[in-house]
Amino acid sequence: MPIQVAAHGFDLTNPLKDACEAESKDKLHSIALNHIKTKWTLSIQREEQIAHLTWVDGAFNGDVTVKSTDMYNSIHQCAKKAVEQMKKSHSKKQDHHKDSRSIFYAQDIE
């Protein structure tokens with residue numbers, strides 16, 4: 001479960017890195033189905049503080065970008081949106097063999 005954090009246009013501080021790691025561990029790792037990998041990219045453009053998160057959870061993946069005036073808020077909102085994406089992608093997971101087993105069981109009963 002590696003967590004990568006990078007900064008573009010400014011020096012990455014330990015508190016920002018810790019905030020990204022904490023959001024990943026607290027929110028994303030708890031609902032991950034597999035060994036999740038996250039990559040945070042933090043950047044500043046004029047007044048906008050931008051947090052971009054790319055995550056890979058086995059066959060599931062996604063990315064989220066959030067812009068705000070506070071970097072910590074951007075990180076928090078980014079993790080929140082990633083959780084929503086993960087839950088949505090996990091809910092689409094289907095057991096394609098389940099229906100075929102039920103057909104065989106139904107034939108055995110009759």
Side-chain angles (χ1 to χ4, degrees):
M1 61 183 177
I3 302 169
Q4 296 178 340
V5 183
H8 290 268
F10 68 99
D11 291 330
L12 180 64
T13 62
N14 283 332
L16 283 175
K17 184 177 180 181
D18 293 342
C20 292
E21 290 175 353
E23 290 289 332
S24 293
K25 289 178 184 176
D26 294 345
K27 294 182 179 164
L28 303 176
H29 290 240
S30 61
I31 64 169
L33 298 177
N34 300 299
H35 299 289
I36 188 170
K37 298 176 187 176
T38 57
K39 181 178 180 184
W40 290 87
T41 306
L42 309 177
S43 60
I44 299 174
Q45 293 180 357
R46 297 186 187 210
E47 298 87 30
E48 293 182 327
Q49 312 286 316
I50 303 166
H52 179 82
L53 171 61
T54 304
W55 56 272
V56 177
D57 181 17
F60 305 105
N61 60 42
D63 65 37
V64 179
T65 302
V66 174
K67 299 177 184 181
S68 75
T69 57
D70 178 41
M71 185 61 79
Y72 292 101
N73 183 42
S74 296
I75 292 169
H76 176 72
Q77 293 300 319
C78 202
K80 188 175 175 181
K81 287 185 177 186
V83 166
E84 292 170 8
Q85 277 188 4
M86 287 179 74
K87 287 180 179 179
K88 186 175 180 180
S89 65
H90 291 167
S91 69
K92 290 181 180 180
K93 182 181 177 183
Q94 297 178 3
D95 183 2
H96 295 285
H97 300 285
K98 185 176 181 179
D99 293 333
S100 63
R101 277 189 250 131
S102 64
I103 292 170
F104 291 122
Y105 292 138
Q107 289 175 351
D108 292 339
I109 294 172
E110 292 176 359

- Candidate list Leu53, Val5, Ile3, Thr38, test side-chain contact (heavy atoms from CB on, under 4.5 Å), partner Cys20, passing option: Val5
- Message: I'd like to know if Trp40 and Ile50 are part of one continuous hydrophobic network [Ile/Leu/Val/Met/Phe/Trp/Tyr, side-chain heavy atoms within less than 4.5 Å].
- Response: no
Enumerate donor-acceptor pairs with a distance under 3.5 Å from any side-chain N or O in residues 55-68 to protein atoms, sequence neighbours excluded.
{"unit_1": "Trp55", "atom_1": "NE1", "unit_2": "Gln85", "atom_2": "OE1", "d": "3.3"}
{"unit_1": "Asp57", "atom_1": "OD1", "unit_2": "Leu33", "atom_2": "N", "d": "3.3"}
{"unit_1": "Asp57", "atom_1": "OD1", "unit_2": "Asn34", "atom_2": "N", "d": "2.7"}
{"unit_1": "Asp57", "atom_1": "OD2", "unit_2": "Leu33", "atom_2": "N", "d": "3.0"}
{"unit_1": "Asp57", "atom_1": "OD2", "unit_2": "His90", "atom_2": "NE2", "d": "2.9"}
{"unit_1": "Thr65", "atom_1": "OG1", "unit_2": "His52", "atom_2": "ND1", "d": "2.4"}
{"unit_1": "Ser68", "atom_1": "OG", "unit_2": "Asp70", "atom_2": "N", "d": "3.3"}
{"unit_1": "Ser68", "atom_1": "OG", "unit_2": "Asp70", "atom_2": "O", "d": "2.8"}
{"unit_1": "Ser68", "atom_1": "OG", "unit_2": "Ser74", "atom_2": "OG", "d": "2.7"}

About how many Å separate [atom2] of [Y] and [atom1] of [X], when rounded to the nearest 0.5 Å?
X     : Y     : atom1 : atom2 : answer
Asp26 : His76 : CG    : NE2   : 11.0 Å
Lys27 : Lys81 : NZ    : NZ    : 13.0 Å
Met71 : Gln49 : CE    : CD    : 4.5 Å

N/O donor-acceptor pairs under 3.5 Å from side chains in residues 41-48, not counting sequence neighbours:
none

- Message: Can you list everything that forms a side-chain contact (heavy atoms from CB on, under 4.5 Å) with Ala7? Sequence neighbours excluded, please.
- Response: Phe10, Leu12
